[in-house]
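So the structure is just underneath, and the comments pick up after that.
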Amino acid sequence: MPRRLAQSPVRAVLWIAAFLAIGGFSAWAAMLLIRPTVTATRAVEGPVVQAFYSTGTIQPRREFPVRANVAGILQQVLVDKGDRVRAGDPLAVVHEPALQFALDKAQAELNEKLARADEQQSPVLQEFDRRIAALAGMLEIAQREQARQTAALELRAGSQAD
């Protein structure tokens with residue numbers, strides 16, 4: 001049986017309508033699953049806390065800046081807000097590694113110079129004493145050699161070149 005030409009557009013329209021119905025139903029089901037839900041609770045009576053919240057900046061009436069004479073790391077604060085202090089009282093301890101290094105270096109140099117100045121334990125003076133003793137030993141050897149050569153020359157056992 002041959003197809004009629006009029007049936008072809010009707011079928012196409014029905015298929016399109018079916019796809020649109022399925023797509024609409026899918027979109028409606030997706031909206032139900034994705035949409036956030038609202039949960040309502042009942043109000044209850046309970047204690048109230050009295051509080052006040054505000055934003056802003058608090059500034060003192062008189063401001064006293066505290067500065068150190070040197071840069072460094074603040075290690076210890078010796079006074080607190082409201083404590084009475086007099087001129088010259090330490091307020092805080094500031095540590096500067098470079099100054100500590102310079103102090104240690106100066107102390108080491110002082111100890112070395114004091115050790116060099118001590119007559120009993122000075123390494124420089126001990127070195128000079130050892131040199132003097134070594135030179136005295138060499139002088140004694142040279143004098144013995146001269147006496148031996150002189151005695152040999154007098155006995156005609158050696159030559160003038162010896």
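Atoms considered below: every heavy atom in the structure, side chains included; atoms not considered: hydrogens, waters and symmetry mates.
For the atom pair CH2 (W28) and CG (L33), the distance works out to 9.5 Å, reported to the nearest 0.5 Å. One finds the CG atom of L103 at 12.5 Å from the NZ atom of K105 (value rounded to the nearest 0.5 Å). Distance CG/D80 to CG/L91: 12.0 Å, rounded to 0.5 Å. To the nearest 0.5 Å, the span separating CG on L125 from CD1 on I132 amounts to 9.5 Å.
For the pair V93 and L78, the minimum side-chain heavy-atom distance is below 4.5 Å.
Side-chain atoms of D104 do not come within 3.5 Å of backbone N or O of F101 as any donor-acceptor pair.
Atom CD of Q146 sits in a sparse spot, with 12 or fewer heavy atoms from other residues, nucleotides or ligands closer than 6.0 Å.
Remark: E96 engages no residue in a salt bridge (Lys or Arg N to Asp or Glu O under 4.0 Å) (not counting sequence neighbours). Residues that satisfy the side-chain contact (heavy atoms from CB on, under 4.5 Å) test with V77, not counting sequence neighbours, are L74.
Hydrophobic clustering (side-chain heavy atoms under 4.5 Å, transitive across Ile, Leu, Val, Met, Phe, Trp, Tyr) groups F25 together with L32.
Sorted by first then second residue, the salt bridge (charged side-chain N to carboxylate O under 4.0 Å, His left out) pairs that include residues 130-146, not counting sequence neighbours, are E127-R131, E140-R144, E145-R148.
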